Amino acid sequence: MTCTVVVGGQWGDEGKGKITDILAEGADLVVRYQGGSNAGHTVVVGDEEFKLHLIPSGILHHDCTCLMGGGTVVDPLVLRDEITGLQARGVSCDNLRVSYTAHVVMPYHKRIEEQAEQARGRAGIGTTLRGIGPAYTDKAQRMPRPVRFRDLTDPDRLRELIAGQLEHKNVIIEHQYGQPPLSSDEVFAQVWPAAQEVGNYATDGYRLVQDSLRAGKRIVFEGAQGTFLDLDCGTYPFVTSSHPVAGGACLGTGIGPTAINEVIMICKAYTTRVGAGVLPTEDEGDAGQLLRDCGNEYGTTTGRPRRCGWLDGVVVRTAAMLNGATSIAVTKLDVLDALATIPVCVGYEIDGVMLDTMPSWPEELEKVKPIYEEIPGWQQPLGDMREWEQLPPQAQAYVEKIAELAGVPVKIVSLGQSREQTVFIG
Ligand code: GDP
């Protein structure tokens with residue numbers, strides 16, 4: 001039995017999709033443990049690119065079951081389109097399952113999120129407007145009873161839950177935001193056709209995970225977003241409403257922490273972030289633009305340009321600790337191919353004091369001054385290299401620097417989008 005958690009070590013978009021797809025080869029079960037359609041995981045197979053928002057990145061392996069765990073929030077309309085899109089490209093989704101207890105993102109969640117973000121104006125959180133935050137808010141609120149995935153299989157119950165929700169939501173929509181109320185019948189009519197299709201995938205997710213564990217199966221738990229977007233451990237309030245850290249795999253799927261053997265932290269060779277919030281190594285000038293262009297740093301879900309900056313060793317070290325990382329996969333090393341030297345942040349200075357881990361208080365984090373070391377670049381393309389020994393010494397030294405800063409060994413290095421462009425160490 002091997003239970004591996006794949007977790008983003010920065011602010012998301014580290015390339016978790018590619019690494020999860022690789023690990024899914026030989027896995028029996030791949031489980032998404034949190035988040036919703038605000039995620040965008042890209043998997044490239046040959047000439048084909050697949051963009052997955054909800055469905056776990058193991059779906060391209062037919063002999064592997066893919067589960068959306070109870071910690072995820074599922075928009076049935078998005079899920080239906082994603083399934084149909086995959087099927088149209090010859091990918092069977094027969095191996096897909098969705099946990100009964102996953103909460104459902106409903107049209108009123110999106111409406112409320114849009115209005116709330118508009119009202120916040122420039123002080124907005126910069127959400128993806130997919131209704132994720134309001135769906136998790138309802139989950140924590142508990143009453144009136146929100147819609148959970150199994151409810152999609154029972155039209156009477158679904159109608160009843162929608163009506164109960166709208167009694168409250170319409171007060172907000174009408175009186176707080178001055179918008180016309182939503183009709184219960186219309187919301188039902190919007191959701192029901194999709195519910196009928198996706199309801200077939202509903203399953204007892206906790207039982208599936210527990211049975212797989214008992215049977216000694218290989219399980220990969222896939223996180224979305226990244227460590228510093230975690231509701232508790234992240235750079236609050238500019239975070240997501242769920243738990244991307246490795247511990248979130250326990251909450252979102254029903255395994256105990258002691259069942260996890262491996263935590264692979266995905267670490268991009270530089271740093272990016274979408275939306276508002278602190279980013280200590282951000283470069284708003286030419287260097288940041290170069291990283292954005294070479295790394296194609298534009299959101300999979302939103303198309304928004306990502307903020308870019310140099311690798312932040314303090315971020316990586318702190319993330320390794322928060323996740324209990326056992327190894328690191330460094331991704332997008334090839335994006336740095338052209339650079340003569342590469343700045344790497346090795347510590348922070350704050351009021352004359354050196355820090356080697358991130359302060360958890362955002363106002364303190366805003367004041368830190370990154371201390372950089374210049375690492376020599378390799379100035380040659382890495383994309384065709386397949387063995388660690390083939391990598392130029394400067395590229396090896398850069399990877400070893402990441403391991404040293406994080407205090408965790410690097411076991412995988414990704415040198416391009418495709419499965420083949422991956423080097424395993426040791
Ligand atoms: P995720 O959300 O963490 O799965 O990351 P995204 O899919 O949003 O972003 C990663 C992007 O980088 C995708 O387009 C991947 O195909 C691509 N990618 C992943 N690994 C590499 C790599 O090593 N090199 C390059 N150039 N692109 C990569």
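Quick caveat, the model's predicted, so the values are computed rather than measured. Any value given below was found using the heavy atoms of this structure, including those in side chains, with hydrogens, waters and symmetry copies removed. Note that ligands are numbered from 1 as they come in the structure, with each ligand's atoms numbered from 1 the same way.
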I want to know if ligand 1 touches Gly15 in the polar sense, i.e. an N/O pair below 3.5 angstrom. yes

For Gln379 and Gln394, does a side-chain donor sit closer than 3.5 Å to a side-chain acceptor? no

Does Gly40 have a heavy atom less than 4.0 Å from any atom of ligand 1? yes

If you measure from each non-hydrogen atom of Asp334 to ligand 1, which part falls under 4.0 Å: side chain, backbone, both or neither? side chain

Report the part of Arg306 (side chain from C-beta onward, or backbone N, CA, C, O) that has a heavy atom under 4.0 Å from ligand 1; answer both or neither where that applies. side chain

Ignoring hydrogens and angles, state whether a donor on the side chain of Asn323 or Thr227 is under 3.5 Å from an acceptor on the partner side chain. yes

Should Gly12 be counted as touching ligand 1, given the test is an N or O pair under 3.5 Å? no

Looking only at distances, please establish whether an N/O atom of ligand 1 is found under 3.5 Å from an N/O atom of Val335. no

Is any N or O atom of Val44, backbone or side chain, closer than 3.5 Å to an N or O atom of ligand 1? no

Does Glu404 pair with Lys401 as a salt bridge, N-O distance under 4.0 Å? yes

Could you tell me whether some N/O pair between Asp13 and ligand 1 is separated by less than 3.5 angstrom? yes

Mode of Lys18 contact toward ligand 1 - side chain, backbone, both, neither (heavy atoms, under 4.0 Å): side chain

For atom 13 (C) of ligand 1, tell me which residue out of Ile19, Asp21, Thr42 has the closest non-hydrogen atom. Thr42

Is there a donor-acceptor contact under 3.5 Å linking the side chains of Thr422 and Lys18? yes

Just going by heavy-atom distances, which of Lys268, Gln421, Gln417 is nearest to atom 16 (O) of ligand 1? Gln417

Check Arg273 with Glu297, please: is the shortest side-chain N to carboxylate O separation under 4.0 Å? no

Please identify which atoms of ligand 1 are closer than 4.0 Å to at least one heavy atom of His41. 1 (P), 2 (O), 4 (O), 7 (O)

Just distances here: any N/O of Glu14 and N/O of ligand 1 closer than 3.5 Å? yes

Numbering the atoms of ligand 1 from 1, which are under 4.0 Å from a heavy atom of Ser414? 20 (N), 21 (C), 22 (C), 23 (O)

Go through ligand 1 atom by atom and flag the ones less than 4.0 Å from a non-hydrogen atom of Gly416. 20 (N), 21 (C), 22 (C), 23 (O), 24 (N), 25 (C)

Let me know which of Thr326, Thr2, Thr4 forms a side chain to side chain donor-acceptor pair (under 3.5 Å) with Glu262. Thr4

Counting the benzene-type ring for Trp, do Trp11 and Phe228 have ring centres under 6.0 Å apart? yes

With distance as the sole criterion, is a donor-acceptor pair present between the side chains of Thr331 and Glu14 under 3.5 Å? no

Going by atom types only, do Tyr348 and Asp356 share a side-chain donor-acceptor pair under 3.5 Å? no

Give the atoms of ligand 1, by number and element, whose distance to some non-hydrogen atom of Gly17 is under 4.0 Å. 4 (O)

Presence of salt bridge, Asp13 and Arg306, under 4.0 angstrom: yes

